[in-house]
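Heads up, the thing below is written out as structure tokens.
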Amino acid sequence: MTIYNLYIFDRHCACIFFTSWNRRALPGIAIDGANGGDPASAAAVAAAAAGSGSPGAPAQGGMVASYGGDISLEEEAKLVYGVVFSLRNLVKKLSVKSDGFISYRTNVYRLHYFETASGLKFVVNTDPGVENLSDALRMIYSQIYVEYITKNPLATFDEPITNELFRNNLNNFVKNLPGFER
Amino acid sequence: MTYGSVVAQLVKDYEDYSEVNKQLEKMGYNIGVRLIEDFLAKTNMGKCADFKETAETISKVGFKMFLGFSPAVTNWSADGKEFSLILEENPLAEFVELPDGAAAELSYSNILCGVLRGALEMVLMQVECNFVSDVLRGEETTELRVKLVKYLEEEVPMAED
């Protein structure tokens, strides 16, 4: 049971933070990465599957995104955001409660999602066995993000997070989560 | 008291009360955009269903949490888009007296207007906020009028073709 990576998106749809743990090197051959224009779901599954370290899981249409080499972080973040955004809208239209979409699972990974009313979105990819992390994500938000970013007068909004304290605290917190193993 | 010294310094720097009001509002706006995150983190609330619920939440939860008291929500307009907050006790203005020229023009607690505007803008509501009356100016009550201008749209990522 491991936690693979974490994205934080701000209300302007930009990725302001990304970090990964346990990213095992892929032996994979890279076929043309699923760049731009592909339906978000297929591409993002490939991207996230590659990102999550599982060796060359073929996505739909027989395309395999390489390990981070062909897809830049920016592209990957955009794809992830697209998946999450579309799913969220879909679930919102189908369900009555406001936070409908919290997680989805494939046979390779599980994606957890948490969103605040202020438009901040937290996305975590883990392996499929991990239980629901939305409480953990909420704690990351309230105890780490708010403490180190929001309360920091020098941290500008709408820009990537570069705060070392934030990063260290986040690493400690995630490593202490029950689902995390080296 | 620190708030008073901030206002005093601003008055000294700008010497024009309307400019000071604007600066206070701007400061409040910057505070508000961050305060809302703190608020959401502490209260774990999701989106409010409508503007009335927003008003109640601001008064009972927000003000209570950050300033220690809860103003009354009154004077709803006919279309439900405006309301007033009556502040019985204003902790910002305790022990404060305004100098002579200021009473007419200075909105002492204008920072609160900015805070509300900033905070609500982060949850996709655009509001205008101003003081209708203020005890510091010798009137009876401190009343803050909040008007909903419109709901803002969520940002959509740019489409790639």
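Chain letters run A, B, ... following the sequence lines, proteins first and then strands; every chain starts at 1.
Residues B:L152 make up the rest of the hydrophobic cluster containing B:L124, defined by ILVMFWY side-chain heavy atoms closer than 4.5 Å, directly or through other members.
In B:K60, the NZ atom is crowded: over 12 heavy atoms of neighbouring residues, nucleotides or ligands sit closer than 6.0 Å.
The minimum heavy-atom distance between B:E121 and A:R11, with the atom names listed, is O-NH2, 3.5 Å.
Across A:S142, A:S118, A:A14, the residue that shares the most heavy-atom pairs under 4.5 angstrom with chain B is A:S118.
Proximity of a side-chain donor or acceptor of A:Y141 to a complementary backbone N or O of B:L40 within less than 3.5 Å is not detected.
Note on B:V115 and B:F69: same hydrophobic cluster, where clusters join Ile, Leu, Val, Met, Phe, Trp and Tyr whose side-chain heavy atoms are under 4.5 Å apart, directly or indirectly.
From B:M122, atom CE reaches atom CG of A:L120 across 8.0 Å, with rounding to the nearest 0.5 Å.
A:N171 meets the side chain to side chain donor-acceptor pair (under 3.5 Å) test with A:W21; sequence neighbours excluded.
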